[in-house]
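All values below come from the heavy atoms of this structure, side chains included, with hydrogens, waters and symmetry mates left out. Here is how names work: the chains are called A, B, and so on, in the same order as the sequence lines, proteins then strands, and each is numbered from 1. Bear in mind the structure is a predicted one, so any value in this text is a computation, not a measurement.
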Amino acid sequence: MQPFDYYRPESFEEAFELLSQPRKTAVAIAGGTDVIPQTRDGIRRPDLVVDIKGLPGMRDLAMTSMAPCCGAGPDECLYVGAAVRINEIARSSIVQDHWPILADAAASIGNEQIRNRATIGGNICTASPAADSAPALYVLDASVLIKGPRGEDRCLPIAQFFTGPKRNALKHAEIVAGLLIPGSPAGTLSFHEKLSRRKAGDLSIVSVAVMAFPSANSTTWRLALGAVGPTPVRAPEAEAILARGYDAEAVDLAAASAYGCCSPIGDIRSSLDYRQAMVVNLARKAIRAVVAQLPQA
Amino acid sequence: MLHDITFTVNGDRYVVAVRSHHTLLQVLREDLGITSPKRGCENGECGACTVLMDGLPVNSCMVLAPEADGAVIETAEGLSKDGILHPLQQAFIDHNAVQCGFCTPGMLMSSKALLDRTPHPSEDEIRYALVGNLCRCTGYVRIVEAVMDVAERE
């Protein structure tokens, strides 16, 4: 690997200073499971590697009364520090009990060794369209807490954080400090599924997250897809169809309409034709899995 | 840039000066002569470099050396005690779960971490725990049988 200097700042001020040094290429690192191979392959050529996982609050996973910047704003949210490991999320009893879709999505990432190093903040900052935590974070209406070098903290809905393939909304020297996950209403049902070439330890061809919860006179639905466009996507048309009813015909219609939100490509993992077919199949399977748990319409 | 790090490997405490851009795998193999972790894909796919870091299996090729400061590292060298093989090592021999041997240290360490956390895992749990360890002699069946054997004991 080409030489660089490694720093482990203890305060955000120190980290911002390192990340904004003039004429130096700096990269923030948490789990390193993307940055280290990219540096080894020469895709990144950092002068400085700034290890941010020791910064205050970065490893916290706890309930908080902080208001999310988007969504319904229930009184209690889950705060997930950006440097919380994927396996800590997958195995957290509070996540398993209250946000099972997030635990399932986390457990579907990479392999055991990767999940023990990779972090939730890193997964979204890499901003792969196939980031496996993303569809779950999209349906949960997660918010991203961002800290900046001039003290200008900001908060973005997850869907605004992903701006393109491997592109995120961070400005120079900004750091993702954590995520806020709104509490799910009582009776929430969800399902996450990922399709890949191997059953595990592979990147997604398509991934899907579906969530449904009872609201006033109907059921509110949320559906998100990964690996089928420049960023993960929500499928609002499918959500609207399901809100009007979820009999077999509506489910087929919703799954077919989900395809309208996607702009997939063919790549090493899947041809375009196969991916197009699988969007509809996986969406239908996920919707059916949630419908099977709901009181029948 | 050099960093003085202090860490424990297989119960022995080491103080080493490491370079920023070196990996834990390089320090283990080249500085300490601990060669059971292997350099394989260097991409987090193959698991040949797997060691336990604070009890958890990680790819040592993707841990920067300075990140290991303060860590407790376990490798296959530390599995046997007083000349007696670890039950997993003995089971790998009994079940002929070793062919070329390149993946074996990583397989052992991932299996040990699983049994430390879940003493009696199901076959599915074993296979899930070993997703990140590839065997190109295609010996998975015997490897899984060896881990099952240890898992089924008291």
Worksheet entry | B:Arg39 CZ: over 12 foreign heavy atoms closer than 6.0 Å | no

Response to the item:
Heavy atoms of A:Pro37 and B:Asn43 approach each other most closely as CB-OD1, 3.3 Å

Discussion item. Heavy-atom cut-off 4.5 Å, strictly under: side chain, backbone, both or neither for A:Lys53 against chain B?
Written reply: side chain

Worksheet item: Can you tell me if CZ on A:Arg197 sees more than 12 non-hydrogen neighbours from other groups inside 6.0 Å?
Response: yes

Fill in: Polar side-chain atom of A:Asn111 near backbone of B:Gly44 as donor-acceptor pair, under 3.5 Å
yes

Discussion item. So B:Arg127 and A:Lys199, do their side chains get closer than 4.5 Å, heavy atoms only?
Written reply: no

Practice prompt. Would you please go through residues 55-76 of chain B and name the residues with a non-hydrogen atom below 4.5 Å from one of chain A, in numerical order?
Written response: B:Leu56, B:Pro57, B:Val58, B:Asn59, B:Cys61, B:Met62, B:Val63, B:Leu64, B:Pro66, B:Glu67

Worksheet item: Going by heavy atoms in the side chains, are A:Tyr6 and B:His3 under 4.5 Å from each other?
Response: yes

Item to complete: Pick whichever of A:Arg8, A:Arg198, A:Arg115 has the most heavy-atom pairs under 4.5 Å with chain B.
Response: A:Arg115

Worksheet entry | Exceeds 12 heavy-atom contacts within 6.0 angstrom, atom OH of B:Tyr128 | yes

Item to complete: Measure B:Leu52 against the heavy atoms of chain A and call it side chain, backbone, both or neither at under 4.5 Å.
Response: neither

Discussion item. Please evaluate residues A:Gln2 and B:His21 with respect to the criterion side-chain contact (heavy atoms from CB on, under 4.5 Å), reporting the C-alpha separation (whole Å), side-chain torsions for both, the decisive distance (0.1 Å), and the verdict.
Written reply: CA-CA 7 Å; A:Gln2 84 153 26; B:His21 64 289; over 6 Å; no

Practice prompt. Name the region of A:Arg91, side chain, backbone, both or neither, that has any atom closer than 4.5 Å to a heavy atom of chain B.
Written response: side chain

Worksheet item: With a 3.5 Å cut-off and no angle check, do the side chains of A:Gln113 and B:Asn133 form a donor-acceptor pair?
Response: yes

Discussion item. Looking only at heavy atoms and a cut-off of under 4.5 Å, which of A:Thr33, A:Asn87, A:Asp5 has the most pairs with chain B?
Written reply: A:Asp5

Item to complete: Heavy-atom distances under 4.5 Å only: say whether A:Asp51 touches chain B with side chain, backbone, both or neither.
Response: side chain

Practice prompt. Tell me, yes or no, whether the heavy-atom count around A:Arg45 atom CZ, taken from other residues, nucleotides or ligands under 6.0 Å, exceeds 12.
Written response: no

Item to complete: Just do the side-chain contact (heavy atoms from CB on, under 4.5 Å) check on A:Met1 and B:His22 with the steps written out, would you?
Response: CA-CA 7 Å; A:Met1 207 163 8; B:His22 280 193; over 6 Å; no

Worksheet item: How about A:Glu17: does its CD atom have over 12 heavy atoms from other parts shown lying under 6.0 Å from it?
Response: no

Practice prompt. Give a yes or no on this: more than 12 heavy atoms of other residues, nucleotides or ligands lie within 6.0 Å of atom CZ of A:Arg275.
Written response: yes

Item to complete: Would you sort out whether B:Thr23 and A:Arg40 count as a side-chain contact (heavy atoms from CB on, under 4.5 Å), showing the intermediate values?
Response: CA-CA 11 Å; B:Thr23 63; A:Arg40 185 153 31 219; 3.8 Å; yes

Worksheet entry | Portion of A:Val49 that has a non-hydrogen atom of chain B nearer than 4.5 angstrom | side chain

Worksheet entry | Heavy-atom check, side chain of A:Phe4 versus side chain of B:Met1, under 4.5 Å | no

